[in-house]
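For the numbers below, each heavy atom of this structure counts, side chains included, while hydrogens, waters and symmetry mates do not.
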Amino acid sequence: MTDLFVKDITFDPPSLATVTGALSSAITVTGAALGDRVEVFPPYDTQGVIAFPFVSAADTIKISLFNPTAGTIDLASGTWTVHVIRK
């Protein structure tokens, strides 16, 4: 059986210079556990920025961002949807 936890969060990614990354602060997602798979769905085109979400502690996720492009990207604040999946 697969459990799915869904939460909408307001997330304002930092401005990312070319070939740099950043890590979000802790985001509470009740029910998330270490080892769960996390997917995020931004409300807009990420312009090449790659998002790697993960469970960092019980009930907590973080989003690692990386900009592999040749220019600085400053994504807007928005409502991102988070899915946490456990098998």
Could you work out the complete set of other residues in the hydrophobic cluster of Ile85, with links drawn between I, L, V, M, F, W and Y side chains under 4.5 Å apart? Leu4, Val6
For Thr10, enumerate each residue passing the side chain to side chain contact (heavy atoms under 4.5 Å, CB included) test, keeping only those at least two apart in sequence or located in another chain. Ser77, Thr79
Roughly how far, to the nearest 0.5 Å, is OG1 of Thr46 from CD1 of Ile73? 7.5 Å
Side chains of His83 and Phe41: does their closest heavy-atom pair fall under 4.5 Å? yes
Quick one: side chains of residues 47-64, donor-acceptor pairs under 3.5 Å with protein atoms, not counting sequence neighbours, listed by atom name and distance.
residue, atom, partner, partner atom, Å
Asp59, OD1, Gly31, N, 2.7
Thr60, OG1, Ala58, O, 3.2

From Arg86 atom CZ to Asp36 atom CG, the distance as rounded to the nearest 0.5 Å: 4.0 Å
Nearest 0.5 Å, please: how far is OG1 in Thr81 from CD1 in Ile9? 8.5 Å
May I ask you to test the Thr72-Leu16 pair for a side-chain heavy-atom distance under 4.5 Å? no
Residues 6-29 vs salt bridge (charged side-chain N to carboxylate O under 4.0 Å, His left out), sequence neighbours excluded, gives none
Return each pair, listed once, that meets side chain to side chain donor-acceptor pair (under 3.5 Å) where at least one residue sits in residues 23-33; pairs must be two or more places apart or across chains. none
Out of curiosity, does Phe11 fall in the hydrophobic cluster containing Phe66 (side-chain heavy atoms, cut-off under 4.5 Å, transitive links)? no
Between Asn67 and Val19 (side chain of the first, backbone of the second, donor and acceptor by atom type, cut-off under 3.5 Å), is there such a pair? no
Can you name the side chain to side chain contact (heavy atoms under 4.5 Å, CB included) partners of Pro43, sequence neighbours left out? Trp80
Closest heavy-atom pair and its distance - Ala76, Pro13: O-CD, 3.6 Å
